[in-house]
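Structure first, then comments.
Here the structure is a predicted model, which means the values were calculated and not measured. Letters A, B, ... mirror the listed sequences (proteins, then strands); counts begin at 1.
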Protein chains: 2
Amino acid sequence: MNDPDFSRCIRDAGGRVTAARLAVLRCLAAAEEPLTPDEVLEHLTQTPGHVPDRVTIYRAIDWLSAHGLVRRLATVGRAARYEPVEDREAHAHFQCRRCGQTRCLPAPSPPLPALPPGYVAERVELVIHGLCAACRAGENA
Amino acid sequence: MNDPDFSRCIRDAGGRVTAARLAVLRCLAAAEEPLTPDEVLEHLTQTPGHVPDRVTIYRAIDWLSAHGLVRRLATVGRAARYEPVEDREAHAHFQCRRCGQTRCLPAPSPPLPALPPGYVAERVELVIHGLCAACRAGENA
DNA sequence: GGAGTTTTTGCCATTTTATTGCATTTTTAC
DNA sequence: GTAAAAATGCAATAAAATGGCAAAAACTCC
């Protein structure tokens, strides 16, 4: 995805194309893992160009999320993590219980459990909890 | 599960049996849904008997969690939610995107995705996002 | 391309959620 | 019952997120 694409996504969603939204979307798309709002800010700080305010990043993420361009993940850590909604394969997430790292795993969509009457499922999320390689090696450190 | 059981669980885990730990464990076990620490406090406030401090509830939950009696769920909402670790069937969780309600769903364990080398999986969590019956009905309200 | 309208931003303050330090109390072993 | 260790309560603090409002930016129309 390049910038014109990002701009069009935002425009198509009915919003204004602003530096903050572009930067946030670009940052999340470039990241290998889902990021927290503060991590997005950190990345943008280390990148040439305009750095939006922290509150603006929260609002940009909220907007992107409300318009389906970005997705909030269920996380165990304190801060919410977001990833871009792309036409990628369905995938799961791994969360390390020691360092909190969250990363994407290739995985097919699991079977959908039966819901109570009247409930509607919109998305299925699979989270694997465990230890990453580094934490496993250093657990006794 | 009754109180003597709770006491023994705590003792077996190598901790002291205190009013706060018992109350928190009893509360989580009695709840139909996973609760946040503040919800636990609220429940305990409405219950006859000693009401522990909020911080004590956090610490009791941390201890119970560290000793495998209680489990922290991956959530989309802001506050962490906990449920007792019992010998129940494996189950999934439903989260309503509108009201934030989290409830348990019967579901078999989904297949485990392949992990990167060195990674260890300890638990698999399945989260269904969507709308609960009430929110679906009242979405235009 | 410039004026006018609407949306978005930045800053400040505030709320919500969670954690830390330390003196006091409670639990447990003996 | 007493002593040692662990847990609690309170106050302060940190971390994560939100709300209000004036200033700035993006878009529309001509």
Side-chain angles (χ1 to χ4, degrees), chain A residues 3-4 6-25 27 34-42 44-45 49-67 69-70 72-82 97 100 102, chain B residues 3-4 6-25 27 34-45 49-67 69-70 72-82 97 99-100 102:
Chain A
D3 266 39
F6 290 141
S7 298
R8 231 194 49 195
C9 287
I10 293 171
R11 182 179 306 275
D12 287 354
R16 295 190 174 177
V17 178
T18 67
R21 288 178 185 166
L22 277 175
V24 169
L25 195 45
C27 178
L35 303 179
T36 66
D38 264 31
E39 286 167 349
V40 170
L41 175 56
E42 198 182 333
L44 293 182
T45 303
H50 172 65
V51 177
D53 188 71
R54 183 191 309 272
V55 175
T56 300
I57 292 181
Y58 272 101
R59 289 196 272 229
I61 290 180
D62 282 350
W63 188 90
L64 293 168
S65 172
H67 291 82
L69 300 177
V70 141
R72 182 176 185 167
L73 303 182
T75 50
V76 165
R78 297 215 331 202
R81 289 187 177 275
Y82 297 83
R97 74 162 145 83
T102 299
Chain B
D3 267 40
F6 289 140
S7 298
R8 230 193 51 196
C9 288
I10 294 171
R11 181 179 306 275
D12 288 352
R16 296 190 173 178
V17 178
T18 67
R21 287 177 185 167
L22 278 175
V24 168
L25 196 46
C27 178
L35 302 178
T36 65
D38 265 31
E39 286 168 347
V40 170
L41 175 56
E42 197 183 332
H43 279 234
L44 294 181
T45 302
H50 173 65
V51 177
D53 188 72
R54 183 190 309 274
V55 173
T56 301
I57 292 180
Y58 273 101
R59 287 196 273 228
I61 289 180
D62 282 350
W63 188 90
L64 293 168
S65 172
H67 292 81
L69 301 177
V70 141
R72 182 177 186 167
L73 303 182
T75 51
V76 165
R78 296 212 336 201
R81 289 186 177 276
Y82 298 83
R97 74 162 145 81
C99 69
T102 300

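- Heavy-atom minimum distance, Arg21(B) versus Ile10(B): CB-CD1, 3.7 Å.
- Phosphate proximity of dA7(D) to Arg21(B): present, with a side-chain N or O under 4.0 Å from OP1 or OP2.
- Under 4.0 angstrom from either OP1 or OP2 of dT17(C) there lies no side-chain N or O belonging to Arg78(A).
- For Asp38(B), the side-chain hydrogen bond (donor to acceptor under 3.5 Å, both in side chains) partners at least two apart in sequence or on another chain are Arg54(B).
- Across all strands shown, Ala60(B) has no heavy atoms under 4.0 Å from either base or sugar-phosphate atoms.
- Side-chain proximity of Val55(A) to dT9(C), dC11(C), dT8(D): nearest is dC11(C).
- Trp63(A) has its CH2 atom 19 Å from the P atom of dG19(D), to the nearest Å.
- Among the nucleotides dT6(C), dG20(D), dA17(D), the one closest to any side-chain atom of Arg16(A) is dT6(C).
- For the pair Asp62(B) CG and dT17(C) P, the computed distance is 16 Å after rounding to whole Å.
- Closest to the side chain of Thr18(B), out of dT17(C), dT8(D), dT8(C), is dT8(D).
- At whole-Å resolution of the value, OH in Tyr58(B) and P in dA14(D) are 17 Å apart.
- The backbone N or O of Val17(B) sits nowhere less than 3.5 Å from a side-chain atom of Arg11(B) that would complete a donor-acceptor pair.
- Across the protein-nucleic acid pair, Ile10(A) atom CD1 and dA25(D) atom P stand 18 Å apart, rounded to whole Å.
- Rounding to whole angstrom units, CG of residue Asp38(A) and P of dA14(D) are separated by 16 Å.
- When the side-chain nitrogen and oxygen atoms of Arg11(B) are compared with OP1 and OP2 of dT28(C), one or more of them lie within a distance under 4.0 Å.
- The 5' end of DNA chain C is approached more closely, in terms of each residue's nearest nucleotide, by Arg59(A) than by the other of Arg59(A) and Arg72(B).
- OP1 or OP2 of dG10(C) lies within a sub-4.0 Å distance of a side-chain N or O belonging to Thr56(A).
- In this structure, Leu22(A) atom CG and dT9(C) atom C1' are separated by 15 Å, rounded to whole Å.
- The residue among Arg54(B) and Pro52(A) whose nearest nucleotide of DNA chain C is located toward the 5' end is Pro52(A).
- Within the nucleic acid shown, Ala80(A) comes within 4.0 Å of sugar-phosphate atoms alone, with no base atom in reach, counting heavy atoms only.
- In terms of phosphate contacts, His50(A) brings no side-chain nitrogen or oxygen within less than 4.0 Å of OP1 or OP2 of dT8(C).
- Side chain of Arg81(A) to backbone of Pro34(A): a donor-acceptor contact under 3.5 angstrom is found.
- When each of Ile61(B), Leu35(B), Thr18(B), Leu41(B) is checked for a side chain to side chain contact (heavy atoms under 4.5 Å, CB included) with Val24(B), only Ile61(B) meets the rule.
- The CG atom of Asp53(B) sits 13 Å away from the C1' atom of dT24(C) (whole-angstrom rounding).
- The distance from atom CG of Leu64(A) to atom P of dT8(C) is 11 Å, rounded to the nearest whole Å.
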